[in-house]
Amino acid sequence: MCGIIGYSGRQNPIPILIDGLKKLEYRGYDSAGVAIFSGGDIKRLRVKGKISLLEEKIKQLQLDGSCGLGHTRWATHGVPSEENAHPHRSCGNQIVLVHNGIIENYHLLKERLLAEGHQFESETDSEVIAHLVEKYYAGCLEEAVSRAVQELEGAFAIAVISRDEPGKIVVAKLGPPAVVGFGDGENIVASDVNPLLSYTNKVAFLEDREIAILTPNEIRFTDFTGKPIEKRIEILTWSPLMIEKRGFKHFMLKEIFEQPQVIRETMEGRIKLDKAQVLLDETGLSLSSLKRIKRLVMVACGTSFHAGLLGKYYVETLARIPVEVVYASEYRYHEVIPDGETLAVFISQSGETADTLASLRQVKKLGLSSLAICNVAQSSIARESDGVFYTHAGPEIGVAATKTFSAQLTALFLLAVGLAQLQNNQEERLNLIQAFRKIPWQVEALLGQKEMIDALSARFLHTEHFLYLGRWVNYPIALEGALKLKEISYIHAEAYPGGEMKHGPIALIDEKMPTMAICPQDKVYEKMLSNIMEVKARQGVVIALATQGDESIKKKVDQVIYLPSTHPLLFPFLSLVPLQLFAYCLAARRGADVDQPRNLAKSVTVE
Ligand code: F6R
């Protein structure tokens, strides 16, 4: 959570910092601030609220300078307020910094620093770092940072400047991400690559316990003890265009519409059609080790967890390997029993989610082999796993995950088919792969229903509760549909497997609680119809997602959204789309901040 940025170079940093913060705003958006070298001092400006407010305030003051820092915050310690907004500074404005993460021993450090005469301005944990760096500052910023970070416990990515060393930014990382970009006479650091794309494609990702020292003409690296280190420069393949809205009202809508392409790109080059084979070599795990797997555990949070739930059906049905799916926040405290036959799969869009990363580190210690399904190259989870299956979804800016979910489902489906062929399970493989190759076109056709779904959503503007029902492979999609509605429209939504209704949730049904029922013609169709009838018998309003051509369902429900016919295992790729569109349209009609829903942040880098 929180986004940090720093720029040192020949240009006025303000527009660069503001532009960068806008691209990082999905990481947190309750307050923001910048600090720049100007007129022999460091000037700081902070606001409670969004980057647009900061931008307005800066315009009024006409701030100008050479090098600077920026921050967008997701509050952990201290309420969202101007005082608690970053950048934070030491006494007398000697040291100024931005921080992403949590300092767990800040109470102790603060007591000590207070006793030594330091004066604090905020309730944050971050401010202690500024005072600590100041304490050790004797004319060389990197030396002071290196001493200070050795006393910090917790997680941090910090960018620090000193009034006495204009043009220099010192960055240190332990936990949250930090990436530096090499420009021409200018260098830049940020929490992720998005703000860097307009300036350079040459970057280096900091590892834990590394420090980067940026000036306009060079970037040097050391470890926390100050020992120089060499870093490999990576060339980025993402382009600045990928993070523009391109005519869509919101990033979320653009990302929903990108799904056909994302599914194509995630399967691209991974399917050998003549042999109905999926190629898993690129994951970095050897085929012989994959062949030995007797059990899988999938570990993830939120939407990625829902992808894991569907992945379980895929792997168990196709490869006949048992799968356990666990929330990362729970798994990290599990008593994991090490064995040589389990593959732990970590599903994460960002590759930085704190709980997922902690779970990965735990299984690594126990010697389990690990595979990441991840969208961000060089993210912590991608780097630390034994193998990676990249989802090629491109950057996702909307806080609610959409296209990356489709990409994760694609990856999990391909993984399941790949494991099935290693287990010599030929069943239905060819049929399935052929059906799967049609999915991008079918998703495209479904996107054409947006106007109809928008009109439908208008009927529920004032609805307070929703129920989502699905069975078998569509149950994880019911969960995902409900999550989308909750997070962006703030309407309460519950999802259940249809058969579970009569064990409690049916008590909720009345004419004010509509039900979204996923009811394609698959092996649980009749069962799902019975569940729908149970809802109707209690005056519930039902919208059904049904297979094209299912005319009879029209008489049983209030509204039908038709889905093209596909292999039953692949329906989730289709049923998902109207649910995303419904949540989007309803939230947009309610005037909600679709791309940046309240209280949320895209990368949850704190526990
Ligand atoms: C919901 C959403 C979150 C994330 C979750 C995990 O729309 O985006 O629930 O899925 O925070 O994030 P990653 O996949 O980055 O580990």
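None of the values given here were measured: they were computed from a predicted structure.
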Of all pairs that satisfy ring pair (Phe, Tyr, Trp, His ring centres under 6.0 Å), the ones with a partner from residues 333-382, not counting sequence neighbours = Y331-H334
Is the number of heavy atoms from other residues, nucleotides or ligands within 6.0 Å of CZ (R295) greater than 12?
-> yes
Could you go step by step and tell me if E396 and K403 meet the salt bridge (Lys or Arg N to Asp or Glu O under 4.0 Å) rule?
-> CA-CA 8 Å; E396 187 173 67; K403 63 173 179 174; over 6 Å; no
Please indicate whether I337 has more than 12 foreign heavy atoms, meaning atoms of other residues, nucleotides or ligands, lying under 6.0 Å from its CD1.
-> no
Tell me, which pairs form a ring pair (Phe, Tyr, Trp, His ring centres under 6.0 Å) where one or both residues lie in residues 363-393, sequence neighbours left out?
-> none
Under the 3.5 angstrom rule, does the side chain of S380 hit a backbone N or O of E352 as a donor-acceptor pair?
-> no
Do I103 and E153 have side chains that get closer than 4.5 Å, going by heavy atoms?
-> no
Verify the distance criterion only: is there a donor paired with an acceptor across the side chains of Q259 and S406 at less than 3.5 Å?
-> yes
Interatomic distance, CD1@I256 vs CG@L446, rounded to 0.5 Å, equals 12.0 Å
T222 OG1 to I213 CD1 distance, which is reported to the nearest 0.5 Å | 4.5 Å
In a check of side chain to side chain contact (heavy atoms under 4.5 Å, CB included) between M252 and each of V399, I397, V594, which one passes?
-> V594
Please indicate whether E330 has more than 12 foreign heavy atoms, meaning atoms of other residues, nucleotides or ligands, lying under 6.0 Å from its CD.
-> no
Around atom NZ of K364, are there more than 12 heavy atoms of other residues, nucleotides or ligands at under 6.0 Å?
-> yes
Hey, are R264 and E268 close enough for a salt bridge, meaning a charged N less than 4.0 Å from a carboxylate O?
-> no
Rounding to 0.5 Å, atoms CG (L280) and NZ (K291) come to a distance of 12.5 Å
Check whether any side-chain heavy atom of T566 sits under 4.5 Å from a side-chain heavy atom of L574, and report yes or no.
-> yes
Hey, is the main chain of A393 close enough, under 3.5 Å, to the side chain of T391 for a donor-acceptor pair?
-> no
If you look at every heavy atom in C301 and T353, which pair is closest and at what distance?
-> SG-CG2, 3.7 Å
Expected output: side-chain Y29 to main-chain P597 donor-acceptor under 3.5 Å = yes
Of the non-hydrogen atoms in V179 and S191, which two are nearest, and what is the gap between them?
-> CG1-C, 4.3 Å
Near D281 CG, under 6.0 Å, is it more than 12 heavy atoms from other residues, nucleotides or ligands?
-> yes
Hey, are R232 and E234 close enough for a salt bridge, meaning a charged N less than 4.0 Å from a carboxylate O?
-> yes
Gap between atom CD1 of I381 and atom CG of L360 - 0.5 Å precision = 6.5 Å
Side chain to side chain, I453 and K450, heavy atoms closer than 4.5 Å = no
Is E244 salt-bridged to K254, cutoff N-O under 4.0 Å?
-> no
Are L581 and F257 side-chain neighbours, meaning at least one heavy-atom pair lies under 4.5 Å?
-> yes
Check: T303/K484 side-chain N/O donor and acceptor closer than 3.5 Å = yes
With I477 as partner, the option from Y468, F405, F573 fulfilling side chain to side chain contact (heavy atoms under 4.5 Å, CB included) is F405
Do L570 and F413 have side chains that get closer than 4.5 Å, going by heavy atoms?
-> yes
Kindly compute the distance separating CD (Q349) from OG1 (T404), expressed to the nearest 0.5 Å.
-> 4.5 Å
To the nearest 0.5 Å, atom CD of E230 lies from atom CZ of F221 at 9.5 Å
Show which side-chain atoms of residues 304-315 pair as donor or acceptor with protein atoms under 3.5 Å away, not counting sequence neighbours.
residue	atom	partner	partner atom	Å
S304	OG	Q408	NE2	2.9
H306	ND1	E480	OE1	2.9
K312	NZ	E316	OE2	3.0
K312	NZ	V323	O	2.7
Y313	OH	W472	O	3.4
Y314	OH	L569	O	2.7

Heavy atoms, side chains only, cut-off 4.5 Å: are L21 and I5 in contact?
-> yes
Flag the pair L415 / T283 as yes when at least one side-chain heavy-atom distance between them is below 4.5 Å, and no otherwise.
-> no
Does the side chain of L371 reach to within under 4.5 Å of the side chain of S385, using non-hydrogen atoms?
-> no
D386 backbone acceptor or donor facing S370 side chain under 3.5 Å = yes
Check whether any side-chain N or O of N375 sits under 3.5 Å from a backbone N or O of G394 as a donor-acceptor pair, and report yes or no.
-> yes
Salt-bridge contact R361-E384 (side-chain N to carboxylate O under 4.0 Å) | yes
